[in-house]
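The next block holds one structure in the form of C-alpha cells; read it before the comments.
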Amino acid sequence: MDLLQQLTQYAFSGFSTGAIYALIGLGFAIIYNSTGIINFAQGEFVMLGGVLTYFSLTVLRLPYLVAMAVAVAVTTAAGAAFERLTIRPLKSPSPLSLVIITIGGSIFIRGVAMLLWGKDTHALPPFSGNDPLTVGGASIMPQHLWIFGITLLIIAANKFFFYYTISGKAMRACSHNRTAASLVGIDVRKMVLLSFVISSAVGSLAGIIIAPLTMTAYDVGVMLGLKGFCAAIIGGMSSGFGTVLGGLLLGLLESFGAGLISSGYKDAIAFIVLLLILFIRPQGLFSKAQTERV
Amino acid sequence: MKRSAAAFCLFVFTVAWATLCQASQPIRIGALFSVTGPPSFLGEPERNAAQMVADQINKGGGIKGRQVQLIVYDTQGDATKAVQLANKLIKDDKVVAIIGPSTTGETMAVLPVVEKAGIPLISCSAGRKITEPVNHWVFKTAQNDNLAVTRIYDYLQKKKLTRVALLTVSDGFGASGREQLKAQAAAHGIQLLVDETYGPKDTDMTAQLTKIKGTKADAVICWGTNPGPAVIARNAKQLGLKLPLFMSHGVSSKKFIDLAGDAAEGVTLPSGKVIVADVLPASDPQRKWLISFVKEYQKLYKVEGDHFAGHAWDAMMLLKGALEKGDDTPAAIAGNLEKTKEFHGIGGIFTYSPTDHAGLTKDAFVLVEIKNKDWVLVK
C-alpha cells in the first residue's frame with residue numbers, strides 16, 4: 001500500500017466518521033437555533049434510535065423498516081416528554097440550570113435504557129450489503145454512502161423547513177428574541193416543544209443509520225454526543241452546512257492524526273482544535289461574528 | 001431441692017442450646033462484586049456463580065455439616081465503595097473469608113484492609129500485581145495477562161510470524177496487555193513494527209489499520225474488550241487486510257462472534273477452556289468440571305457460563321476445599337488455601353504455594369480460531 005493510497009484511505013475514513021459526527025451535531029444545532037438551549041441529552045436520542053431498532057427487530061420481530069419507524073416514533077415521543085416534563089416546568093430558565101437539567105436527563109435516559117435492554121452491545125444488519133466498495137485503492141462500506149445521503153437529505157429538509165415554512169420561520173424568530181416572538185403571536189412554548197421533537201427525530205435517525213457500522217449499546221450516546229457537540233461548535237451551531245463541515249473537519253483531523261502522527265493523540269488533536277476554535281473564533285469557523293445593534 | 005433441680009434443668013438446657021447454636025451457625029463468606037457499574041459484565045456472572053456454588057454446597061449438606069452463608073455486596077466498580085464494603089464485611093458481618101472484587105483497581109484498594117484484619121481474600125481480577133509480591137492473605141483465580149501473551153507469542157514464533165503490529169485499547173486492560181506484549185517480545189524473537197492504540201468507545205479504526213497495512217508486519221495483535229475488537233475485525237475486512245489477526249482473551253465469548261459477524265472468521269485468540277469445553281480432548285483433566293459447570297449455570301441463569309462466572313466458581317470451590325481441610329478461622333483458611341494442589345477449576349489447574357498465589361501456568365489458556373462462527377482448537 002503506497003503513501004498515496006494510504007492518504008486516500010485516511011481521507012475516506014475521516015469523511016465517513018465525520019459524516020456521523022455532523023449528523024449528530026445537527027441535532028444539537030436545531031435545538032440551539034430555536035431555543036438557545038444546548039441539549040446534552042442529544043447523544044441519548046442517538047442511542048435510543050439504535051437500541052430501539054435492535055429491540056424492535058429482535059424481540060418484537062418487526063421488519064427492518066417498521067422497526068426503524070417504531071424507533072424514530074418512540075424516541076420522538078421521548079424527546080417531547082423530556083421537554084414537557086423537564087424544560088417547560090422551569091419558571092426562570094437560566095442557561096446553567098438548563099444545561100444541568102439536560103445532563104441529568106441524559107443520565108436518566110441512559111439508566112432506564114440499561115435497565116430495560118441490558119448492558120450488551122448489539123450490531124444491526126447493514127442496509128445494503130456488507131462488501132466494501134473500493135475507490136482508488138481505498139475502501140468504504142456501502143453503509144457510509146447511506147450516511148452521506150441521509151445527512152444531505154436532512155440538511156435539505158432542514159433548510160426548507162426553517163426558511164420556507166411558517167413554523168420554521170416562527171422557530172427562528174423565537175431564537176432571535178423570545179419576547180418579541182410572543183408579542184407577534186408566536187406560541188413560544190409550542191416552538192420549543194417542536195424543536196425537541198425535530199431534534200430527537202433527527203438524533204434517532206442518526207443512531208439508526210450508524211448502528212450497522214458502530215454498533216449500539218446503552219452507553220454509546222456519551223461519546224457520540226460529545227463528538228457531535230464538537231462538530232456543532234466548530235461549525236458555529238448552524239443548522240446547515242456549517243455543522244456538516246465542522247463534523248467532517250473533526251473526522252479528518254482524527255483520521256489523519258491517528259494515521260500520520262499517533263493514534264494515542266487522536267482525541268487530543270481533535271480537542272485541541274476545538275479549544276483553539278473556542279479561543280480564537282468562538283462564533284465558529286464558518287459564521288460571521290455577531291454584531292450587537294445599538 | 002426443687003430449686004436446685006430447676007437450676008440444673010436450666011443449665012442443661014442452656015448448654016444444649018449453645019451447642020446446638022454452635023453446630024447450626026453458618027460459615028459466613030463475604031463477596032464483593034461490581035454487580036452494577038461499568039464492570040458489571042464481570043460482577044454479574046461472578047455473583048451468579050458464587051451464589052450457585054453456595055446453594056449447591058448447602059443442598060449437599062454444607063461443609064462438615066455446617067451451612068454456608070454468602071453475603072454479597074455490590075461495589076459498582078468503585079474502589080472507595082469496595083474498601084467501605086470490605087470493612088463492613090469484616091467488622092459487621094464477621095466473615096471468615098472474602099471473594100472478589102471484580103477488578104484489579106478495587107482489589108488493590110481492598111488489599112491493605114484484609115491484610116490488616118487478617119482475612120483471606122480470593123480476588124477474581126486478573127492484574128499481576130495482586131499476587132506479585134505475594135501477600136499471605138491474598139489469592140486470585142483469574143489468569144494473568146502475561147500467560148495469554150506467552151500463548152500467542154509461542155504460536156507466532158512457531159509459525160515464523162515475527163514482525164508484529166500492536167493495536168491496543170487505551171484503558172487498564174489494554175495498557176496492561178501492551179506492557180506484557182512489549183516486555184515478552186524480545187524473548188520470543190518478535191519485532192514490534194507498529195504500536196498503535198484506540199479509545200474504548202471509538203467507532204472506526206480504519207486509520208490505524210491503514211497505517212499497519214502500509215508496513216511489513218506479518219501479523220496484527222489487538223488487545224481489548226468488546227466492542228472495540230469487533231469494530232477492528234470489521235474494519236480489517238473492509239480494508240482487505242490479509243494479515244492474520246490475533247485478539248486477546250478479553251473477547252473470548254460468543255458475543256464477539258455476534259458483533260463481528262463474518263469478519264470474525266479466522267481470528268485467533270488465547271482463551272480459557274470454558275468456551276471450548278465440548279471440543280476439548282477427553283483426556284483433558286478439566287473437561288468434566290467444565291462441562292458440568294456450563295450446564296449447571298445455563299440451567300439456572302439461561303446463559304452459558306463464561307470465564308468471569310468461572311473465576312467466582314473457582315474462588316468458592318477453593319474456599320470450600322480449604323474449609324474441608326481445617327478450621328474455619330481466617331488464619332487456618334489462608335494456611336490451607338496455600339496448600340491447594342492441582343485443583344481442577346474452570347480457569348485452569350491451580351497449585352498455590354507460599355511463593356505463588358496465582359497458581360496457574362500457561363496451560364490455563366488454549367489457542368482458538370473462529371471458524372464458521374464457532375471455536376476451533378488450534379494445535
Side-chain angles (χ1 to χ4, degrees), chain A residues 1-3 5-14 16-18 20-21 111 114-115 118-123 125-126 130-134 137-141 143-144 210-217 219-220 222-224 226-227 251 254-260 262-267, chain B residues 35-44 166-170 174-175 178 194-216 225-231 234-242 253-264 303:
Chain A
M1 201 175 200
D2 57 38
L3 189 66
Q5 271 184 340
Q6 276 193 39
L7 291 178
T8 329
Q9 183 63 53
Y10 293 145
F12 273 39
S13 303
S16 40
T17 38
I20 294 173
Y21 299 156
M114 185 189 84
L115 289 176
K119 299 158 202 148
D120 274 344
T121 307
H122 304 288
N130 218 352
D131 298 319
L133 310 167
T134 316
S139 61
I140 53 168
M141 301 300 283
Q143 192 68 28
H144 286 131
I210 66 171
L213 282 176
T214 65
M215 295 178 241
T216 187
D219 59 351
V220 293
V222 186
M223 202 58 189
L224 288 175
L226 198 62
K227 293 283 171 67
E254 280 191 2
S255 140
F256 278 99
L260 299 178
S262 162
S263 46
Y265 298 115
K266 191 186 65 166
D267 287 333
Chain B
V35 184
T36 62
S40 56
F41 70 103
L42 305 167
E44 201 178 335
L166 298 185
L167 185 50
T168 55
V169 63
S170 58
R178 179 164 168 261
V194 186
D195 176 15
E196 291 293 324
T197 60
Y198 66 91
K201 292 268 158 229
D202 281 2
T203 50
D204 185 288
M205 280 65 125
T206 45
Q208 289 95 320
L209 290 166
T210 306
K211 194 171 181 180
I212 291 170
K213 205 177 168 189
T215 65
K216 290 190 161 47
T225 47
N226 283 325
V231 176
R234 284 161 164 237
N235 287 165
K237 190 177 175 236
Q238 178 200 330
L239 293 175
L241 194 67
K242 294 281 183 290
S253 66
K254 276 274 158 65
K255 190 78 217 166
F256 171 71
I257 304 182
D258 283 351
L259 290 177
D262 294 340
V303 286

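Throughout, protein chains are lettered first and strands after them, A, B, ... in sequence-line order, and every chain is numbered starting at 1. FYI, side chains are in, hydrogens and waters are out, and symmetry mates aren't considered; it's all heavy atoms of this structure.
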Select, from A:Asp120, A:Ile20, A:Asp267, A:Ile210, the one with the greatest count of heavy-atom pairs under 4.5 Å involving chain B. A:Asp120
Taking every non-hydrogen atom, the tightest pair across B:Asp204 and A:His144: OD2-NE2, 4.5 Å
Please tell me if the side chains of A:Lys227 and B:Lys201 come closer than 4.5 Å, counting only heavy atoms from C-beta onward. no
Heavy-atom distance under 4.5 Å to chain A: side chain of B:Thr206, backbone, both or neither? both
B:Tyr198 versus A:Lys266: any side-chain heavy-atom pair under 4.5 Å? no
Not counting sequence neighbours, which residues clear side chain to side chain donor-acceptor pair (under 3.5 Å) with B:Asn235? List them please. none
If you count heavy-atom pairs under 4.5 Å with chain A, which of B:Thr215, B:Asp202, B:Asp262 comes out on top? B:Asp202
Report which part of A:Pro126 has an atom under 4.5 Å of a heavy atom belonging to chain B: side chain, backbone, both, or neither. neither
Closest approach of B:Lys211 to A:Gln6 (non-hydrogen atoms, all atoms of both residues): CA-OE1, 4.3 Å
Does B:Gln238 reach the main-chain N or O of A:Ser139 with its side chain, forming a donor-acceptor pair under 3.5 Å? yes
Taking only residues two or more places apart in sequence, or in another chain, which ones meet A:Ser263 in a side chain to side chain donor-acceptor pair (under 3.5 Å)? B:Glu196
Contact origin within A:Met141 toward chain B - heavy atom pairs under 4.5 Å: both
A:Lys119 to B:Val35 - nearest heavy-atom pair and separation: NZ-O, 3.6 Å
From A:Thr134 atom OG1 to B:Leu239 atom CG, the distance as rounded to the nearest 0.5 Å: 9.5 Å
Can you name the nearest heavy-atom pair linking A:Leu213 to B:Arg234, along with the distance? O-NH1, 3.9 Å
Any chance the side chains of A:Thr214 and B:Thr203 put a donor and an acceptor closer than 3.5 Å? no
So how far is it from A:Leu260 CG to B:Thr210 OG1, rounded to the nearest 0.5 Å? 10.5 Å
Heavy atoms, side chains only, cut-off 4.5 Å: are A:Gln9 and B:Lys213 in contact? no
Please round to the nearest 0.5 Å and tell me the distance separating atom OG of A:Ser255 and atom CE of B:Met205. 13.5 Å
What part of A:Ser13 gets within 4.5 angstrom of chain B, counting heavy atoms only: side chain, backbone, both, or neither? both
Would you mind checking which part of B:Ala230 comes under 4.5 Å of any heavy atom in chain A, side chain (CB onward), backbone (N, CA, C, O), both or neither? both
Which of the residues B:Gly199, B:Ala263, B:Ser40, B:Gly240 is involved in the greatest number of heavy-atom pairs with chain A at under 4.5 angstrom? B:Ser40
